[in-house]
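Data first, discussion second: the structure below is written as structure tokens.
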Amino acid sequence: EYKNVIINLLTVSAKITRGPKTDQMVSKGSVVTLHCEAEGYPRPRVLWKMNGTEIKDSDKYKVNVKTGALSIMNVDMTDEGSYECLAKNHGEDQAKGNLIVKSTTTITDGPEDQQAVIFSSILMNCSVVADMTQNLTVMWKKNNIDLGRVGFPRSDRIDTDENYALRIKNSTFGDSGEQI
């Protein structure tokens with residue numbers, strides 16, 4: 001016995017679920033990744049534009065075909081501008097963000113006043129963007145005296161992490177003061 005059946009093929013228009021940050025600040029000489037995650041069926045094709053001009057894969061620009069992310073190698077001042085990712089299948093979606101390139105050292109997330117319980121650990125942020133072609137040294141001071149200098153010997157209790165944050169373990173009353 002024969003039966004007639006109906007098959008409905010569904011499509012889903014391209015939709016960007018995670019685009020580039022509205023304003024992303026980066027250091028000259030660094031590698032930056034701008035996100036462009038898209039969903040849809042059939043799977044959307046992602047392409048990127050900078051200041052309205054399509055970006056092609058090269059030694060400088062790499063588009064990850066699985067995630068849609070754009071990586072920019074060795075960022076320089078000419079990379080500053082407006083970036084747009086486009087996701088296309090039978091439909092289209094777009095998201096935009098600006099890339100800001102810093103060649104001068106800038107603290108983007110500095111320390112803030114804190115209250116801590118005695119013997120607790122304290123972490124003070126210091127996120128920095130800088131020209132990555134230059135050597136960067138971040139120095140912390142307490143009451144305008146360099147930590148690690150005379151009056152503040154190096155210790156396992158006070159150190160900095162790979163992101164330049166100041167970490168004080170097992171805090172004491174002597175840790176009170178102005179940390180810069």
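The model shown is predicted, which means the values in this text are computed figures rather than measured ones.
At least one donor-acceptor pair under 3.5 Å links the side chain of Thr67 to the backbone N or O of Ala69. With Asn125 contributing its side chain and Ala165 its backbone, the two residues share no donor-acceptor pair below 3.5 Å.
Ser82 places none of its side-chain heavy atoms less than 4.5 Å from the side chain of Met50. Contact of the Leu123 side chain with the Asp161 side chain is registered, since non-hydrogen atoms from C-beta on lie closer than 4.5 Å. At a threshold of 4.5 Å between non-hydrogen side-chain atoms, the residues Pro42 and His90 count as touching. Between Met124 and Ile122, some side-chain heavy-atom pair lies under the 4.5 Å cut-off. Looking only at side-chain heavy atoms (C-beta outward), Asn74 and Val31 stay at 4.5 Å or farther from each other. Side-chain atoms of Asn163 and Cys126, non-hydrogen and from C-beta on, never get closer than 4.5 Å to each other.
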For the pair Asp59 and Met73, evaluate side-chain contact (heavy atoms from CB on, under 4.5 Å) and give the outcome as yes or no after the intermediate values.
-> CA-CA 8 Å; Asp59 290 339; Met73 313 303 160; over 6 Å; no

For Val128 and Val138, run side-chain contact (heavy atoms from CB on, under 4.5 Å): C-alpha distance rounded to whole Å, both residues' side-chain angles, the deciding distance at 0.1 Å, then the answer.
-> CA-CA 9 Å; Val128 178; Val138 173; 4.2 Å; yes

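With sequence neighbours excluded, the residues satisfying side chain to side chain contact (heavy atoms under 4.5 Å, CB included) with Ser120 are Ala116, Val117, Ser171. Residues that satisfy the side chain to side chain contact (heavy atoms under 4.5 Å, CB included) test with Glu162, not counting sequence neighbours, are absent from this structure. In this structure Asn170 satisfies the side chain to side chain contact (heavy atoms under 4.5 Å, CB included) test together with Phe119, Arg157, sequence neighbours excluded. For Thr160, the side chain to side chain contact (heavy atoms under 4.5 Å, CB included) test picks out Trp140, Leu166, with sequence neighbours left out. Every salt bridge (Lys or Arg N to Asp or Glu O under 4.0 Å) that Lys56 has, sequence neighbours left out, goes to Glu54. Residues that satisfy the side chain to side chain donor-acceptor pair (under 3.5 Å) test with Ser58, not counting sequence neighbours, are absent from this structure.
Around CD1 of Ile100, the count of heavy atoms belonging to other residues, nucleotides or ligands within 6.0 Å exceeds 12.
Contacts classified as salt bridge (Lys or Arg N to Asp or Glu O under 4.0 Å) and involving residues 76-86 (residues at least two apart or in different chains) are given here: Lys60-Asp79. For residues 6-25, every residue pair satisfying the salt bridge (Lys or Arg N to Asp or Glu O under 4.0 Å) rule, not counting sequence neighbours, is listed here: Arg18-Glu37. Sorted pairs that involve residues 39-52 and meet side chain to side chain donor-acceptor pair (under 3.5 Å), not counting sequence neighbours, are lacking altogether. Residue pairs meeting the salt bridge (Lys or Arg N to Asp or Glu O under 4.0 Å) criterion with at least one partner in residues 102-130, sequence neighbours excluded, do not occur; the list is empty. Pairs engaging residues 56-103 under the disulfide (SG to SG under 2.5 Å) rule: Cys36-Cys85 [sequence neighbours left out].
Cluster annotation: Leu34 and Val101 are assigned to the same hydrophobic cluster (Ile/Leu/Val/Met/Phe/Trp/Tyr, side-chain heavy-atom contacts under 4.5 Å, transitive). By the rule that hydrophobic residues join a cluster once side-chain heavy atoms approach within less than 4.5 Å of another member, Val129 and Ile72 end up as members of separate clusters. Ile16 and Ile55 fall into different hydrophobic clusters, where Ile, Leu, Val, Met, Phe, Trp and Tyr residues are linked whenever their side-chain heavy atoms come under 4.5 Å apart, directly or through other members. In the hydrophobic clustering of this structure, Ile107 groups with Tyr164; members are Ile, Leu, Val, Met, Phe, Trp, Tyr whose side-chain heavy atoms approach within less than 4.5 Å, directly or through other members. If you chain together hydrophobic residues whose side chains sit under 4.5 Å apart, Val75 and Tyr61 fall into the same group.
The two residues Ala87 and Ala38 have their closest heavy-atom pair at CB-CB, 3.6 Å. Contact record, Ser103 with Met77: CB-SD, 4.1 Å, taken as the closest heavy-atom pair. Across all their heavy atoms, Asn89 and Ala14 have their closest contact at OD1-N, 3.1 Å.
Taking Ile, Leu, Val, Met, Phe, Trp and Tyr as members and joining any whose side-chain heavy atoms lie under 4.5 Å apart, directly or through other members, the hydrophobic cluster of Leu47 also contains Leu86.
Interatomic distance, Asn98 CG to Tyr83 OH, rounded to the nearest 0.5 Å: 10.0 Å. With rounding to the nearest 0.5 angstrom, the CG atom of Asp57 is 10.0 Å from the CG atom of Asn64. Rounding to the nearest 0.5 Å places CD1 of Ile168 at 5.0 Å from CD1 of Ile158.
Thr108 and Ser127 share no side-chain donor-acceptor pair at under 3.5 Å.
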